[in-house]
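For the numbers below, each heavy atom of this structure counts, side chains included, while hydrogens, waters and symmetry mates do not. In what follows, residues are counted from 1 in the order of the sequence shown. These numbers were taken from a predicted model, which means no experiment stands behind them.
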Amino acid sequence: MSALTASAPGGVASAVARGVGKALGNALLVAAIVYVLWVLVVALVDNPFVAKGPGDVAEFLFTGDDATENRTRVMGQLGITLRDAAIGFTAGMVAAVVLAGAIVLSRGVEATVMPVAMVLRAVPLIALAPVIRMIFGRGVSAVAVISGIVVLFPAVVGLVFGLRSSSRQMHDVVQVYGGSERDVLFKVSFPSALPSLFAAIRISVPGAITGALIAEWLATGKGIGYAVVSAAGQSKNNEVWALVIVVTVVSLLLYTIAQVLETFVLARYGKDAGRA
């Protein structure tokens, strides 16, 4: 009944409004919590040289004498990190979709892939990074592997669960009309797994940024991941805090965009994201 309601124009609009409202509300709540925690940490540390508050970061980026130069430098580093995160996100999600489909079609693939995925997830990336760097170098390939590993495991697990949650009756209908297991996968399982797909995307967006920061720190020597370490080593604490706050805000913004996109797509397919 809810799917029929959501498929009507008024139902779609209502579902979209609920979903967008929820996404924006969550973003504002998280931003407020982060701000309060930030202020509390600065107050508890009580060391103006190390702990920089909102006023210090605002001066560094917007109101200080060198604000334009500082902002240009930070935005340049952010652009590199976003590019690296996009590479890792794309590599990880494409691999996750392909592997999830193969796992659903074949138990043998599941028995082979899942232990490897669990090992990659269990071993700290800091330990794997030197090996990955030796094999793939310091360029785009290393970024794709390191950031993709962060994205891969949760995406695969979520997608497999979503693909296997489709109705057995719908499987039977496709097979009665001569459809193969692949037809069932593409015509029934994947549409049914849309909520799980978007849940994986929401988790993977900040995960890809985390992976990109690790890759920049340990492999490429570029972007915010390296800039934070470099600035900290030179005691440029205003820059360190500005870089951390900027990447945190961008991560929250991208997560919210993914949530809003999820709302539109699921409402279009009669799945009310606003109730999730």
Side-chain angles (χ1 to χ4, degrees), residues 79-123 125 128-129 131-133 135-166 180-216 219-220 223 225 250-251 254-255 257-262 264-266 268-269 271:
I80 295 172
T81 296
L82 289 178
R83 180 203 66 192
D84 292 342
I87 292 170
F89 175 82
T90 302
M93 285 302 300
V94 170
V97 170
V98 172
L99 288 176
I103 286 170
V104 170
L105 290 175
S106 171
R107 293 285 182 180
V109 173
E110 180 176 15
T112 302
V113 169
M114 291 308 289
V116 176
M118 292 179 67
V119 168
L120 290 176
R121 183 65 173 176
V123 177
L125 270 178
L128 285 176
V131 177
I132 294 172
R133 188 177 60 200
I135 296 173
F136 296 98
R138 293 178 174 270
V140 172
S141 299
V143 172
V145 172
I146 293 174
S147 189
I149 288 173
V150 177
V151 171
L152 180 63
F153 183 75
V156 166
V157 172
L159 284 172
V160 169
F161 174 80
L163 291 172
R164 287 177 172 167
S165 66
S166 57
S180 65
E181 288 293 330
R182 290 186 181 181
D183 293 325
V184 172
L185 178 66
F186 287 106
K187 295 180 180 179
V188 177
S189 298
F190 270 119
S192 297
L194 279 175
S196 297
L197 173 62
F198 277 102
I201 289 173
R202 283 190 279 114
I203 294 171
S204 298
V205 165
I209 291 178
T210 300
L213 295 174
I214 295 173
E216 290 166 354
T220 69
V250 170
S251 298
L254 291 176
Y255 181 91
I257 291 173
Q259 202 170 7
V260 170
L261 179 62
E262 174 186 14
F264 280 99
V265 174
L266 296 190
R268 172 65 179 81
Y269 283 90
K271 301 176 186 294

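- Once rounded to the nearest 0.5 Å, the distance linking CZ of Phe264 with CD of Gln259 reads 12.5 Å.
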Could you go through the side-chain contact (heavy atoms from CB on, under 4.5 Å) check for Met114 and Val160 one step at a time?
CA-CA 11 Å; Met114 291 308 289; Val160 169; 5.6 Å; no
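- Across all their heavy atoms, Val151 and Ser204 have their closest contact at CG1-OG, 3.4 Å.
- Rounding to the nearest 0.5 Å gives a distance of 12.5 Å between CG of Leu254 and CD1 of Ile201.
- Closest approach of Gly211 and Val150 over heavy atoms only: CA-CG2, 3.8 Å.
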side-chain hydrogen bond (donor to acceptor under 3.5 Å, both in side chains) assessment of Asp84 paired with Thr81
CA-CA 5 Å; Asp84 292 342; Thr81 296; 5.5 Å; no
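- Heavy-atom minimum distance, Ala100 versus Leu159: CB-CB, 3.7 Å.
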Set out, in order, the CA-CA distance, both residues' side-chain angles and the distance that settles side-chain contact (heavy atoms from CB on, under 4.5 Å) for Ile135 and Val131, then state yes or no.
CA-CA 6 Å; Ile135 296 173; Val131 177; 3.9 Å; yes
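- In this structure, Arg164 pairs ionically with Glu110, as a charged nitrogen and a carboxylate oxygen lie closer than 4.0 Å.
- Of all heavy-atom pairs spanning Ala258 and Arg202, the tightest one is CB-CG, 4.1 Å.
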Using side-chain contact (heavy atoms from CB on, under 4.5 Å), reason through Ile209 and Phe89 one step at a time and then give a plain yes or no.
CA-CA 8 Å; Ile209 291 178; Phe89 175 82; over 6 Å; no
Go through it in stages, so that I can follow the logic: the residues are Phe153 and Val157, the test is side-chain contact (heavy atoms from CB on, under 4.5 Å), and I'd like the CA-CA distance, side-chain angles, deciding distance and then a yes or no.
CA-CA 6 Å; Phe153 183 75; Val157 172; 3.8 Å; yes
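- Formation of a donor-acceptor pair under 3.5 Å by the Ser166 side chain with backbone atoms of Leu163 is found in this model.
- The main-chain N or O of Gly108 is found under 3.5 Å from a side-chain atom of Thr112 such that the two form a donor-acceptor pair.
- Summarising the geometry, atom OG belonging to Ser141 is positioned 15.0 Å from atom CZ belonging to Arg133; distances are rounded to the nearest 0.5 Å.
- Between atom OG of residue Ser180 and atom CZ of residue Phe186 there is a gap of 9.0 Å, rounded to the nearest 0.5 Å.
- At distances below 3.5 Å, at least one donor-acceptor pair connects side-chain atoms of Ser147 with backbone N or O atoms of Ala208.
- A side-chain contact (heavy atoms from CB on, under 4.5 Å) with Ile146 is found for one member of Leu213, Thr220, Ile132 and no other, namely Ile132.
- Of all non-hydrogen atoms in Ala96 and Ala155, the two that sit nearest each other are CB-CB, 3.5 Å.
- Here the closest non-hydrogen pair linking Ser165 and Gly162 is OG-O, 2.7 Å.
- Rounding to the nearest 0.5 Å gives a distance of 5.0 Å between CE of Met93 and CG of Leu197.
- Listed for the Arg138 side chain is a donor-acceptor partner under 3.5 Å among the backbone atoms of Ala219.
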